[in-house]
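Here the structure comes first, spelled out in structure tokens, and everything after it is commentary.
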Amino acid sequence: MSNTDWSRRSRARVWHPCTQMKDHERLPLVPVARAEGVWLEDFEGKRYLDAISSWWTNLFGHRHPHIVARLKAQLEELDHVLLAGFTHAPVVTLSEKLCALAPKGLTRCFYADNGSSAVEVALKMSFHYWRNVGKPEKRRFIALANSYHGETLGALAVGGAGLYRDTYEPLLMQPIHVPSPDCHDRAPGEAWEDYSLRQFQHMERALEQHAHEVCAVIVEPLVQAAAGMRMYHPAYLKRLREACTRHGVHLIADEIAVGFGRTGRMFACEWSGISPDLMCLSKGLTGGTLPLAVTLATEAIYEAFYDEYQAGKAFLHSHSYTGNPLACAAALATLEIFGQRDWMAQNRQLGHLMWMGVSELSRHPHVAEIRQQGMILAIELARNVARRTPYPAAERRGLRVYQHALQKGVLLRPLGNVVYFMPPYVISPEEIGLLARVVIEGVQHTTRDG
Ligand code: PMP
């Protein structure tokens with residue numbers, strides 16, 4: 001069957017995520033037949049470099065032989081079993097390893113099967129903790145403007161991006177949103193650290209006013225990914241950790257996009273030397289092979305739930321596939337690959353090549369900023385760079401880059417006016433060269449009419 005056949009059948013029955021389906025009247029779907037390493041291949045042999053790691057999930061390339069072998073072996077032993085009343089080797093071993101790897105103090109693992117659910121777990125756990133310790137008035141959350149924490153109603157509510165949130169506003173709980181430390185908005189010449197710390201005043205004020213009614217502050221550490229890979233300084237998190245402790249409020253780190261080495265350290269929180277009270281992981285957790293998510297909690301949180309059944313304090317939250325053995329085996333294999341070499345050192349070199357590859361764009365009249373944190377590089381396009389006027393969303397400039405790159409065999413998926421790459425860690429220097437060329441052409445092509 002051809003690409004066209006698969007595309008037609010897909011459009012007839014599959015409701016694709018995050019998509020205006022009518023777009024596909026003119027924008028062909030890309031049916032993928034197979035994948036290997038950083039490459040995807042369609043049904044007619046055309047290849048695409050997966051420069052965004054399939055929605056930021058893939059770490060070591062598609063169908064990594066070690067993950068494939070571990071998965072096959074696991075399939076021979078145990079496919080799935082419920083995790084209430086039962087346990088299994090992959091989930092035990094994975095939990096031990098995650099606690100050893102995570103920032104200090106996170107000692108308990110609660111599993112779900114997607115990032116949004118991991119966020120729901122963290123929000124519910126924090127709220128429930130305060131209830132269990134006799135502070136039921138703590139029932140609100142503080143979140144950052146432009147944050148993204150997922151699509152389920154709780155996660156969407158704490159998210160700050162209007163594009164995803166506004167339609168559902170009547171259904172959402174009301175968090176306290178504070179201005180973001182996002183350094184794209186700093187004054188010309190202002191240092192990142194100074195700006196992020198200046199923005200912390202909003203957070204401090206919100207905590208002073210609301211701590212009595214607030215369970216937790218939730219943040220994406222260092223990179224507000226869905227907002228367009230907007231970045232801020234680690235000093236903000238350090239200040240936030242200290243303030244959360246002082247005000248008696250939990251800190252939830254949503255490391256779903258930035259965990260597992262993306263920012264150049266295993267977890268982005270490490271840049272600030274802090275430990276959150278709750279940490280959400282997913283995406284890279286299985287190396288991009290199977291859905292799995294985990295919320296790590298401190299012993300103090302765990303203990304507030306630990307009591308006689310009649311006390312009614314248990315965390316009665318579950319998902320059918322909680323801690324699925326196959327997904328846990330893929331996660332274990334992924335952690336084993338991390339142990340095989342110093343990926344962070346290698347990524348520093350690859351990150352440098354990514355930067356060098358596109359650096360000429362810093363002089364481009366429609367490039368407002370190029371920013372990078374480890375294996376995330378983002379190029380912010382603007383109509384007027386001096387005045388920081390963005391291109392109107394309706395012009396869909398990013399879509400033009402997407403189409404151009406597809407033609408050239410590269411999968412990019414810009415976020416509005418932000419073209420970014422976030423490739424698997426196994427991308428070669430030559431492939432980075434290709435990526436950079438296509439991005440430069442794509443930006444030129446997209447901005448040539450002003
Ligand atoms: N939090 C962050 C920071 C994310 O980037 C995402 C996904 N883009 C989520 C939560 C939600 O994860 P999922 O899509 O697996 O529900």
Side-chain angles (χ1 to χ4, degrees), residues 16-19 50-59 110-126 141 143-161 163-165 168 172 175 177 180-182 216-232 237 251-263 267-269 271 276 278-296 317 319 321-324 327 330-331 334 373-376 378 412-416 418 420-422:
H16 289 267
C18 203
T19 298
D50 185 358
I52 57 158
S53 299
S54 286
W55 264 346
W56 324 336
T57 59
N58 196 289
L59 300 182
F110 193 99
Y111 290 89
D113 39 30
N114 61 78
S116 307
S117 298
V119 169
E120 299 288 341
V121 166
L123 300 176
K124 284 177 70 179
M125 240 180 211
S126 176
F141 296 92
L144 295 178
N146 284 330
S147 53
Y148 180 90
H149 297 289
E151 300 291 350
T152 50
L153 292 177
L156 195 60
V158 288
L163 177 64
Y164 309 109
R165 189 179 194 280
Y168 306 99
L172 303 179
H177 277 118
S180 161
D182 168 7
V217 175
I218 180 166
V219 293
E220 293 164 272
L222 298 198
V223 185
Q224 294 191 290
M229 303 297 160
R230 294 295 185 89
M231 299 174 186
Y232 61 92
L237 288 179
L251 174 58
I252 304 173
D254 175 352
E255 293 243 5
I256 288 163
V258 294
F260 297 106
R262 269 293 158 198
T263 66
F267 300 108
C269 282
W271 288 102
L278 292 153
M279 181 164 87
C280 305
L281 301 172
S282 187
K283 292 193 186 276
L285 176 58
T286 60
T289 49
L290 284 171
L292 183 68
V294 60
T295 304
L296 287 102
H317 180 110
H319 298 287
Y321 282 100
T322 294
N324 171 260
T334 302
Q373 179 72 54
M375 288 297 277
I376 307 174
L412 292 169
R413 204 168 186 278
L415 294 154
V418 179
Y420 72 94
F421 31 97
M422 193 159 166

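Ligands are counted one by one from 1 in listed order, and the atoms in each one are counted from 1 as well. Only heavy atoms go into these numbers, but all of them, side chains included; no hydrogens, no water, no symmetry mates.
Panel note: side chain Glu220, backbone His149; no donor-acceptor pair is recorded below 3.5 Å. Remark: side-chain polar atoms of Arg165 are paired, donor with acceptor, to backbone N or O of Gly159 under 3.5 angstrom. Side-chain N or O atoms of Ser116 include none that pairs as donor or acceptor with a backbone N or O of Gly150 at under 3.5 Å. Using a distance-only test at 3.5 Å, with no hydrogens or angles considered, no donor-acceptor pair links the side chain of Thr286 to the main chain of Ala331. Side-chain atoms of Gln224 never come within 3.5 Å of backbone atoms of Arg230 as a donor-acceptor pair (strictly under, hydrogens ignored).
You'll find the side chain of Cys280 reaches within 4.5 Å of the side chain of Ile252, heavy atoms only. Side-chain contact between Val294 and Tyr111: present, with at least one pair of heavy atoms (C-beta onward) separated by less than 4.5 Å.
Checked by distance only, ligand 1 and Lys283 come closer than 3.5 Å through their nitrogen or oxygen atoms. Checking only distances, Ile256 never comes within under 3.5 Å of ligand 1, N or O to N or O. Note: an N/O pair closer than 3.5 Å links Ser116 and ligand 1 by distance alone. Checking only distances, Ser282 never comes within under 3.5 Å of ligand 1, N or O to N or O.
Annotation: atom 13 (P) of ligand 1 to nearest protein heavy atom, Gly115 N, 3.5 Å. Nearest protein neighbour of atom 2 (C) of ligand 1, counting heavy atoms only, is Asp254 OD2, 3.4 Å. Atom 6 (C) of ligand 1 has as its closest protein heavy atom Tyr148 CE2, 3.6 Å.
Counting the atoms of ligand 1 from 1 in the order shown, those under 4.0 Å from a heavy atom of Gly150 are 10 (C), 11 (C). Short contacts between ligand 1 and Ala257, defined as distances under 4.0 Å to a heavy atom of the residue, involve ligand atoms 5 (O).
Contacts between His149 and ligand 1, counted as non-hydrogen atom pairs separated by less than 4.0 Å, involve the backbone only. Residue contacts with ligand 1 for Trp56 involve side-chain atoms from C-beta outward but no N, CA, C or O (heavy atoms, distance under 4.0 Å).
Atom OG1 in Thr57 sits 13.0 Å away from atom CD1 in Ile256 (nearest 0.5 Å).
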